[in-house]
Amino acid sequence: MQHGEQVRLIRRILAHMAAGTTDRGEVAQSPVTRYLSPERLAQEQAMIRSLPVMVCASSSVAQPGEWFTHDLSGVPMVVARGQDGVLRAFINACRHRGARVVDGACGAGRRNFVCPYHSWSYDLDGALRGLPHPQEFPDLDRAKHGLVPLPVIEMCGLVWAVPAPSAAMATAADMRAWLAPMAADLALFGYDRFVAHDTRRFESKHDWKLVADANLETYHFKFLHRDSIAPLFQDNRMVADAFGDHWRITLPKESIVQLQGRPEAEWDLTQHCNIIYYFFPNLMFLFIGDHATLFAVWPRGIGASTIDAITLIPEPPATEKARTYWDKNVNIFWDALMEDFHLMDSMQSTFASGANTHLTFGRSEFCSAAFEESVERHLGGHPA
Ligand code: FES
Ligand SMILES: [Fe+2]
């Protein structure tokens, strides 16, 4: 983020502090049926697959021959760095009879991929290289039987792919245009060079959208997080900026009062705020000064999601002391986040009870409401 933008955000925060206010929108409601309907869930899954989603950290596929598989969208994908240094993404399906060509989560040192079933082999650029007994396929057009490519780019230290491209999201250029406004902010923090330190996956018992709803407001901080991070942060205060369907939410800490009376040239937003970059549809990227923890939320069923998380740090820890420092930061993050995840389980467990036909978002929860509206709008292109 440019320094000028940091100063503008800090000015907005200080003005809110003086007035006892926060960024606000209108009161809004969201029907509980949105979190209970199998038809709708299928539409939402199709919508997510049609947009750029995080596959892994760039550092996981930095070297030629490194590869990484991803199945959470429902489309089996594999990304691989070719011997030419180019990163490519494919549907992980053999063009013979459809077996998964690449088994396992990730690896290194590959020069090609060989299907375990009948040994059709593919170069890392996806081209069909060879098959046993080729006389059994006299009319095979090899050029038409390479692995099916998917659009892929690297941005913010992450690999992004579109599992099910559409006319509107078919190329790397489409993906860049979609992500660029947010990525420009993060690039200035150096994320393009960061490496994955801690990766984790876990299942949770709630609708995927509740995670966005929870992380796009600070109304709950003082209560839900009273024993963890609440003392650091201001009560019910944030400044929020929309970048298309994405959001940047700046969360001021109590310590920001130290900037009052100091020259603006010395103001450093990152010392006194956490920043959430929510990449629509399903990636929350929390910028915490010198590192970031981010996670994608994948719908798995009614009231069931998978969380796919990475912490990005500036360089691999060279000493035990450095490792301990990063581990401690990661643990603080997840201790607080698990407070949210438990509450989301709690919410989901009441939705079918009939107590609420709608959830209500207050004025300072307007970004959560806006996220729900973005989902509604995007579902228009994915009818049941
Ligand atoms: S399915 Fe892959 S070689 Fe037959
Ligand atoms: Fe929270």
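Ligands are counted one by one from 1 in listed order, and the atoms in each one are counted from 1 as well. Everything quoted here is computed from the prediction, not taken from an experiment.
- Within the 2.8 Å limit, Asp340 places at least one N, O or S atom next to the Fe ion (ligand 2).
- A salt bridge links Asp245 with Arg377; the closest basic N to acidic carboxylate O contact falls under 4.0 Å.
- The ring pair (Phe, Tyr, Trp, His ring centres under 6.0 Å) test with His246 singles out one residue from Phe371, Phe285, Phe280, Phe279, and that residue is Phe279.
- No hydrogens or angles considered: nothing links the side chains of Asp335 and Ser228 as a donor-acceptor pair under 3.5 Å.
- In this structure, Glu217 does not pair ionically with Arg24, as no charged nitrogen and carboxylate oxygen lie closer than 4.0 Å.
- Around atom 2 (Fe) of ligand 1, the protein contributes the following N, O or S atoms at distances under 2.8 Å: Cys94 SG, Cys115 SG.
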Q: Would you please test Asp198 and Arg200 for salt bridge (Lys or Arg N to Asp or Glu O under 4.0 Å) and show each step?
A: CA-CA 7 Å; Asp198 177 284; Arg200 59 181 76 194; 3.0 Å; yes
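- The angle subtended at the Fe ion (ligand 2) by NE2 of His225 and NE2 of His220 is 100°, given to the nearest 10°.
- For the pair Asp241 and Arg248, the salt-bridge criterion is met [side-chain N within less than 4.0 Å of a carboxylate O].
- Salt bridge Arg49/Glu44: absent, no basic N to carboxylate O contact under 4.0 Å.
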